[in-house]
*Asks:* 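Let me begin by handing over the structure; questions about it come next.
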There are 2 protein chains.
Amino acid sequence: MLFLIENEGMGSLTEENYIKSVYALSQATGEVIVSELAKKLHVKPPTVNSMMKKLALKKWVLYAPYKGIKVTEKGKKEALSIIRRHRLAELFLVNVMKLGWEEVHDIAEQLEHVESSRFYDRIDEMLGYPKFDPHGEPIPDANGKILNDKRIPLNQAKENATVKIVAVADDKKSFLDHLNDKGLKIGEKVFVKRKEAYDGSVVLVNKSKVELMITHQVAERILVEE
Amino acid sequence: MLFLIENEGMGSLTEENYIKSVYALSQATGEVIVSELAKKLHVKPPTVNSMMKKLALKKWVLYAPYKGIKVTEKGKKEALSIIRRHRLAELFLVNVMKLGWEEVHDIAEQLEHVESSRFYDRIDEMLGYPKFDPHGEPIPDANGKILNDKRIPLNQAKENATVKIVAVADDKKSFLDHLNDKGLKIGEKVFVKRKEAYDGSVVLVNKSKVELMITHQVAERILVEE
DNA sequence: TTAATTTGTTAGATATATCTAACATTTTAA
DNA sequence: TTAAAATGTTAGATATATCTAACAAATTAA
């Protein structure tokens, strides 16, 4: 029987989806704007507006008219709990259920809303308490702790430094294909030769000593370390 | 991304829960009444009333004012598809994820609404295309076909016949405990000694030759064969 | 067989999550 | 630096799923 009697702290499925997106989109700059959220969630701005008022009442976000949306510690905890469930679900679908990486995202999007710590604890156990998902994204533990948060978007890396690609912040096929075309893979090191002040594009040298240019848009979606 | 854009044939999570209950509760007599459904789903009768009008429009049920609710072929197909997902999920949680039988029902209740045939086909494959769940309940195949539908409620069995208990139509702990107390188990044979016309209770002789009486209420929840 | 009880229905209210249209503010560009 | 464009908000409408209160029909019992 599915009794979703909402406890104080809990959120509806809709609220869960919003806080997850707020958290994800505010990662880079510390906040996110209404139109960005609306686009991501495929709703209109007024819908986001009213939902943000609601989440602000629950103290999950800080929200003042015409100002950006910021996640509170409470909201972050919620978001990390959902992200944990999503990433564990993805890894489970790939490693245990042998589904293809490209087909698991939509299923994980549904599984992440399953209300059962037993279910997720068993998955965690079966996977051997993994710290990262196959994209290199860290999996928060049951307390919301994330190992290793020193990763930065490639566009924020210093010039003339060698960095390791540890994750991508976008798993759309078109994006992954683009990276493949450029010969960029998670785990590989690249040398940051130059960052163009003009358009934010980045010139890299890959491990085969080939020089290549990536746009700002792409660079900010590649997470690197060191 | 969770896009639950409802296709013509699809039902909302709520509609799925209703048709599943309509199907389950109408199994015995061919129909179910509003108050029974309301009780099962923990809603008030007017809620059931309006949902039945909706499902009647979708041609999932036949529903005339003050008459019982009957499932159509279309509704049965929907119900069986959900039941298939529920039973596969339960078996998966028990056999693959090693969760206890008593704790999987609520999780399966959530998993059954996951929209992904790939997910369920993989579960089916991993379980070796099982035909029955651990309660002895048959699992419909991907086309809604159920193997072996000769099962009848114990109260409909003939007197002076030996029948095999193949399933129970209620998995509440209190009910299962009651059966245990009576020494009745799935897979065991019992002799139907007498059916009381007065109150519908049934007198059985179990395999240890012990005579015992069960009420009509209990008898109609025990499914037997032969 | 009629009165009481049970069961079912209708009407109208509420909460959630969404929309469109109209208006307000902020940002960008001429 | 002001006009245009972009972005955000408010007000009010819609759909779903629920409720309560009042009434209607069917069933049961006196």
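Protein chains get the first letters and strands the later ones, always in sequence-line order, with residue 1 at the start of each. Note that the structure is predicted; figures quoted are calculated from it, not measured.
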*Asks:* Please report, rounded to the nearest Å, how far the P atom of C:dT16 is from the CG atom of A:Leu57.
*Replies:*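 For the pair A:Leu57 CG and C:dT16 P, the rounded distance is 11 Å.
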*Asks:* What one-letter contact string describes nucleotides 24-30 of chain D from 5' to 3', where B marks a base within less than 4.0 Å of any protein heavy atom, S marks contact via sugar-phosphate atoms alone, and - marks no contact?
*Replies:* BSS----
*Asks:* For residues 61-72 of chain B, dump all side-chain donor-acceptor pairs below 3.5 Å to protein atoms at least two apart in sequence or in another chain.
*Replies:*
residue	atom	partner	partner atom	Å
B:Tyr63	OH	B:Asn49	ND2	3.0
B:Lys70	NZ	B:Glu31	OE1	3.3
B:Thr72	OG1	B:Lys59	O	2.6
B:Thr72	OG1	B:Trp60	O	3.1
B:Thr72	OG1	B:Lys74	N	3.4
B:Thr72	OG1	B:Gly75	N	3.0

*Asks:* Give every pair of a protein N or O atom and an N or O atom of nucleotides 19-21 of chain C that lie under 3.5 Å apart, one pair per line with the distance.
*Replies:*
residue	atom	partner	partner atom	Å
C:dC19	OP2	A:Lys44	N	2.9
C:dC19	OP2	A:Thr47	OG1	2.4

*Asks:* For the pair made of CE in A:Met52 and P in D:dT7, what is the distance, rounded to whole Å?
*Replies:*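 Rounding to the nearest Å, CE of A:Met52 and P of D:dT7 are 18 Å apart.
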*Asks:* Between D:dG8 atom P and A:Ile69 atom CD1, what is the distance in whole Å?
*Replies:*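 Atom CD1 in A:Ile69 sits about 8 Å away from atom P in D:dG8.
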*Asks:* Would you indicate what A:Lys39 reaches in the nucleic acid, counting non-hydrogen atoms under 4.0 angstrom: base, sugar-phosphate, or nothing?
*Replies:*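 It contacts nothing in the nucleic acid.
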*Asks:* Measure from CD1 on B:Ile33 to P on C:dT9 and round the result to the nearest Å.
*Replies:*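 Computing the B:Ile33:CD1 to C:dT9:P distance gives 11 Å.
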*Asks:* Whole-Å distance between C:dT10 P and B:Asn49 CG?
*Replies:*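 Atom CG in B:Asn49 sits about 6 Å away from atom P in C:dT10.
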*Asks:* Would you please name every residue forming a side-chain contact (heavy atoms from CB on, under 4.5 Å) with B:Ser50, sequence neighbours left out?
*Replies:*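 None.
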*Asks:* Look at A:Glu103 together with B:Arg122 and state whether they make a salt bridge at an N to O cut-off of under 4.0 Å.
*Replies:*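 No.
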*Asks:* Taking only residues two or more places apart in sequence or in another chain, which ones pass side chain to side chain donor-acceptor pair (under 3.5 Å) with A:Asn143?
*Replies:*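 Scan of A:Asn143 (side chain to side chain donor-acceptor pair (under 3.5 Å), adjacent residues dropped) gives none.
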*Asks:* Please name all residues satisfying side-chain contact (heavy atoms from CB on, under 4.5 Å) with A:Ile123, sequence neighbours left out, ordered by chain then number.
*Replies:*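 In terms of side-chain contact (heavy atoms from CB on, under 4.5 Å), with neighbours along the sequence ignored, A:Ile123 is linked to A:Leu88, A:Phe92, A:Phe119, A:Tyr120, A:Leu127, B:Met97.
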*Asks:* State whether B:Glu211 and B:Arg194 are salt-bridged, where the test is any N-O pair (Lys NZ or Arg NE/NH1/NH2 against Asp/Glu carboxylate O) under 4.0 Å.
*Replies:*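 B:Arg194 and B:Glu211: not salt-bridged.
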*Asks:* Name the residue closer to the 5' end of DNA chain C, choosing between A:Thr14 and B:Glu36 according to the nucleotide with the nearest heavy atom.
*Replies:*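 It is B:Glu36 whose nearest nucleotide is closer to the 5' end.
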*Asks:* Would you call A:Lys58 and A:Glu78 a salt bridge, using N to O less than 4.0 angstrom?
*Replies:*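 Salt bridge: no.
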